[in-house]
Peer 1: 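Could you have a look at this structure, given as structure tokens, before my questions?
Model, not experiment: these values are computed from the prediction.
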Amino acid sequence: MDYIHQASYTRHTSWEVFAATLAAQGRRLVLLTTGGAVRHDRFPFAPGDTIMVGRESCGVPPDVVDRAEARIRIPMQVGARSLNVALAAAIATAEALRRLDGFPQEGSEDA
Ligand SMILES: C[S@@+](CC[C@H](N)C(=O)[O-])C[C@H]1O[C@@H](n2cnc3c(N)ncnc32)[C@H](O)[C@@H]1O
């Protein structure tokens, strides 16, 4: 992608380092999982929330599920197993940005 430089990202050396960083920054870990207790469109997202998705093949291990402050699901049709991971991430991130008014401003249109 020729626009990857517009994204900022941090690579953590381990799960433990990642979890400790979130705790130190006071950020909630919000896990996307088909077993989530709360629908993504009813969840009260807050600034600083970190949305996590699992592996396409097997989701996340149980200790990661337990560590999450919240577990949310995207409603699906009865009988559907799960969504593609990138699609799930996009749906939840877009909902959080919409609710927190976090999308970029676009000049005169939003002035
Ligand atoms: C293809 S799914 C993983 C399927 C895996 N067999 C499992 O049971 O977790 C990949 C990731 O996408 C996310 N995901 C997919 N569908 C979802 C849904 N309906 N609600 C919430 N998260 C979903 C979850 O983070 C999941 O770990």
Peer 1: Side chains of Q25 and T50: does their closest heavy-atom pair fall under 4.5 Å?
Peer 2: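 No - every pair of side-chain heavy atoms lies 4.5 Å or more apart.
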Peer 1: Compare every heavy atom of S82 with every heavy atom of T34, then report the nearest pair and how far apart it is.
Peer 2: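 In this case the closest contact between T34 and S82 is CG2-CB, 3.8 Å.
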Peer 1: Rounded to the nearest 0.5 Å, what separates atom NE2 in H40 from atom CD1 in I72?
Peer 2: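 If I round to the nearest 0.5 Å, the distance is 7.5 Å.
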Peer 1: Between V53 and W15, is there shared hydrophobic-cluster membership here, with clusters defined by ILVMFWY side-chain heavy atoms closer than 4.5 Å?
Peer 2: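 V53 does not cluster with W15.
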Peer 1: To the nearest 0.5 Å, what is the distance between OG1 on T21 and CD on E16?
Peer 2: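 It comes to 11.0 Å.
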Peer 1: Is there a donor-acceptor pair under 3.5 Å between the side chain of R71 and the backbone N or O of T33?
Peer 2: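 Such a contact is absent between R71 side chain and T33 backbone.
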Peer 1: Let me confirm one number: the CG-CG distance from L29 to L22, rounded to the nearest 0.5 Å.
Peer 2: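 Going from the CG atom of L29 to the CG atom of L22 covers 6.0 Å.
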Peer 1: Do V60 and I51 share a hydrophobic cluster, counting only Ile, Leu, Val, Met, Phe, Trp and Tyr and linking them when any side-chain heavy atoms are less than 4.5 Å apart?
Peer 2: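 Each belongs to a different hydrophobic cluster.
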Peer 1: Taking side chain to side chain donor-acceptor pair (under 3.5 Å) as the definition, give me every residue that meets it alongside Q77, ordered by chain and number, with sequence neighbours left out.
Peer 2: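 Side chain to side chain donor-acceptor pair (under 3.5 Å) check on Q77 returns nothing, list empty.
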Peer 1: Mind checking whether V85 and F18 sit in one hydrophobic cluster, side chains of I, L, V, M, F, W, Y counted as touching below 4.5 Å?
Peer 2: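 No, V85 and F18 fall in different hydrophobic clusters.
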Peer 1: Just how far is it from atom CG of D66 to atom CG of L31, taken to the nearest 0.5 Å?
Peer 2: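 That separation rounds to 10.5 Å.
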Peer 1: Assigning hydrophobic clusters by single linkage (Ile, Leu, Val, Met, Phe, Trp, Tyr; side-chain heavy-atom cutoff under 4.5 Å), is L100 placed with F43?
Peer 2: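 Yes, L100 connects to F43 through the hydrophobic network.
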Peer 1: Taking all non-hydrogen atoms of both residues, which atom of A94 and which atom of F103 are closest, and how far apart?
Peer 2: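 Heavy atoms of A94 and F103 come nearest at O-CE1, 3.7 Å.
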Peer 1: Considering non-hydrogen atoms only, spot the tightest contact between A86 and N84 and give its length.
Peer 2: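 Result for this residue pair: N-OD1, 2.9 Å.
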Peer 1: With a 3.5 Å distance limit and no angle check, can you tell me whether R73 reaches the backbone of A37 through a side-chain donor-acceptor pair?
Peer 2: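 Side chain of R73 to backbone of A37: a pair is present.
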Peer 1: Between V30 and E69, is there a side-chain heavy-atom distance shorter than 4.5 Å?
Peer 2: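 Result no, sub-4.5 Å side-chain heavy-atom pair not found.
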Peer 1: Please round to the nearest 0.5 Å and tell me the distance separating atom CG of L32 and atom CD1 of I74.
Peer 2: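 Reported to 0.5 Å precision, the distance equals 5.0 Å.
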Peer 1: Atom OH of Y9 and atom CD1 of I4: how far apart are they, to the nearest 0.5 Å?
Peer 2: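 The CD1 atom of I4 is 6.0 Å from OH of Y9, to the nearest 0.5 Å.
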Peer 1: Which atom names give the shortest non-hydrogen contact between R99 and D41, and what distance separates them?
Peer 2: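 In this case the closest contact between R99 and D41 is NH1-O, 3.4 Å.
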Peer 1: What heavy-atom pair brings R67 and A19 nearest, and what distance separates the two atoms?
Peer 2: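 Heavy-atom minimum between the residues: NH2-O, 3.4 Å.
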